[in-house]
**Student:** 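Before I ask anything, let me first share the structure, which is written out below as structure tokens.
These numbers come from a predicted model, not from an experiment.
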Amino acid sequence: MTNPGTSPLTTADLVDGWRRVGVRPDMALIVHSSLSSLGPVEGGAAAVVASLREAVGPGGTVVVPTFTGDTVCDPVPDHAGLPTPAIAELRDAVPLFHPELPSRMGAVAEALRALPESLRSTHPQASVAAVGAHAREVTARRSFGFAVGRESPFGALHDLGGYVLLVGVGHNRNTFLHYAETFAPNRRLKLRRFPMAIQGERVWLEAPDVGNDDDTHFPVVGREFEERAGIREVLVGAAPCRLIPVRDLIPFAVRRLTELLAADGSGAA
């Protein structure tokens with residue numbers, strides 16, 4: 001394995017690294033990543049994607065978040081009632097979601113999304129892109145309400161016995177903790193608002209979802225789960241990486257989030 005800070009990582013170095021983290025053929029992975037955390041990579045984000053695909057093999061699936069909540073959103077969310085001409089102009093400029101719409105979820109996620117063979121789910125704000133054996137199954141799911149919940153691509157990954165691969169990022173980037181919170185009786189809530197074309201007419205839709213964590217509870221729950229499950233942190237290049245089994249994480253995270261939200265009174269009544 002190439003030492004951090006020396007020669008750029010090759011695809012073979014990365015595959016070896018993913019193996020040491022615990023990635024195996026036929027796995028379904030959702031990857032939350034920071035390309036820069038790895039250090040220099042020969043071939044950049046495209047090489048990282050290629051190495052992940054090689055590590056899971058033809059029977060595996062690689063999924064990335066391609067969220068667009070910062071672009072397909074209401075620019076004036078606090079304005080109620082009919083819009084003024086100026087507000088209407090701002091809202092009309094918001095793009096409709098489409099599969100080629102870029103995401104700001106990082107270079108690795110965008111490199112996978114841009115592959116000709118990748119598939120993308122269709123929630124206007126909370127889509128994922130996927131390649132591999134179960135890509136169609138994962139991306140076929142969509143729920144407007146609770147966009148990362150049971151009927152979403154995250155529910156499909158749970159059903160597949162999937163894993164979360166954290167590459168140089170923490171549990172504040174682990175969307176499966178949002179998934180877990182959808183099952184908590186005192187979950188925090190927010191309202192998503194986005195435009196869609198329905199029967200040729202542009203309309204704005206509203207849907208409930210779990211609220212943002214803002215680094216409040218997710219880092220604690222993630223750390224506690226890693227300690228309980230004996231998850232090893234492995235360096236790939238310069239990036240600390242962890243592989244998290246979804247089916248083991250979710251019941252633990254639901255219980256701990258329920259407890260933590262009850263303790264600070266931040267969840268729904």
**Student:** Judged by atom type as modelled, is there a donor-acceptor pair below 3.5 Å linking the side chain of E151 to the main-chain atoms of R141?
**Tutor:**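 Flag not set: sc E151 to bb R141 has no pair under 3.5 Å.
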
**Student:** Report yes or no: is the cationic atom of R223 (NZ for Lys, CZ for Arg) under 6.0 Å from the centre of the six-membered ring of F218, at an angle within 45° of the ring normal?
**Tutor:**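 Cation-pi check for R223 and F218: fails.
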
**Student:** Give me the one residue out of F97, F67, F194 that meets ring pair (Phe, Tyr, Trp, His ring centres under 6.0 Å) with H123.
**Tutor:**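 The residue from F97, F67, F194 that satisfies ring pair (Phe, Tyr, Trp, His ring centres under 6.0 Å) with H123 turns out to be F194.
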
**Student:** Under 6.0 Å from the CG atom of L82, do we count more than 12 heavy atoms belonging to anything else shown?
**Tutor:**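 Not more than 12 within 6.0 Å, no.
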
**Student:** Do you know the tightest heavy-atom contact between R232 and R20?
**Tutor:**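 That would be NH2-O, 2.8 Å.
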
**Student:** Is the closest side-chain donor-acceptor distance between S103 and T68 under 3.5 Å?
**Tutor:**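 Looking only at side-chain atoms, T68 and S103 do not form any donor-acceptor pair under 3.5 Å.
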
**Student:** Answer yes or no: is there an ion pair linking D209 with R192, defined by an N-O contact shorter than 4.0 Å?
**Tutor:**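 Salt bridge between D209 and R192, a charged N being under 4.0 Å from a carboxylate O: yes.
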
**Student:** Is a side-chain donor-acceptor pair under 3.5 Å present for D264 with H217?
**Tutor:**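 Side-chain D/A pair, H217 to D264: present.
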
**Student:** With a 3.5 Å distance limit and no angle check, can you tell me whether N174 reaches the backbone of F176 through a side-chain donor-acceptor pair?
**Tutor:**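 Confirmed, N174 side chain pairs with F176 backbone.
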
**Student:** Examine distances only and state if a side-chain atom of S34 and a backbone atom of V169 form a donor-acceptor pair shorter than 3.5 Å.
**Tutor:**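 No.
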
**Student:** Taking only Lys NZ, Arg NE, NH1 and NH2, and the carboxylate oxygens of Asp or Glu, determine whether R193 and E206 approach each other closer than 4.0 Å.
**Tutor:**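 A salt bridge links R193 with E206.
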
**Student:** With a 6.0 Å cut-off (strictly less than), is the heavy-atom count around CZ of R136, excluding the residue itself, greater than 12?
**Tutor:**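 Counting other residues, nucleotides and ligands, CZ of R136 stays at 12 neighbours or fewer.
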
**Student:** Below 4.0 angstrom, N of the basic side chain to O of the carboxylate: do D248 and R228 qualify?
**Tutor:**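 Between R228 and D248 there is no salt bridge, as every charged N stays at least 4.0 Å from the carboxylate O atoms.
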
**Student:** Using 4.0 Å as the upper bound for N to carboxylate O, is an ion pair formed by R53 and E117?
**Tutor:**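 Answer for the salt bridge query: yes.
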
**Student:** For the CE atom of M105 and the OG atom of S33, what is their distance to the nearest 0.5 Å?
**Tutor:**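 Rounded to the nearest 0.5 Å, the CE-OG separation comes out at 9.0 Å.
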
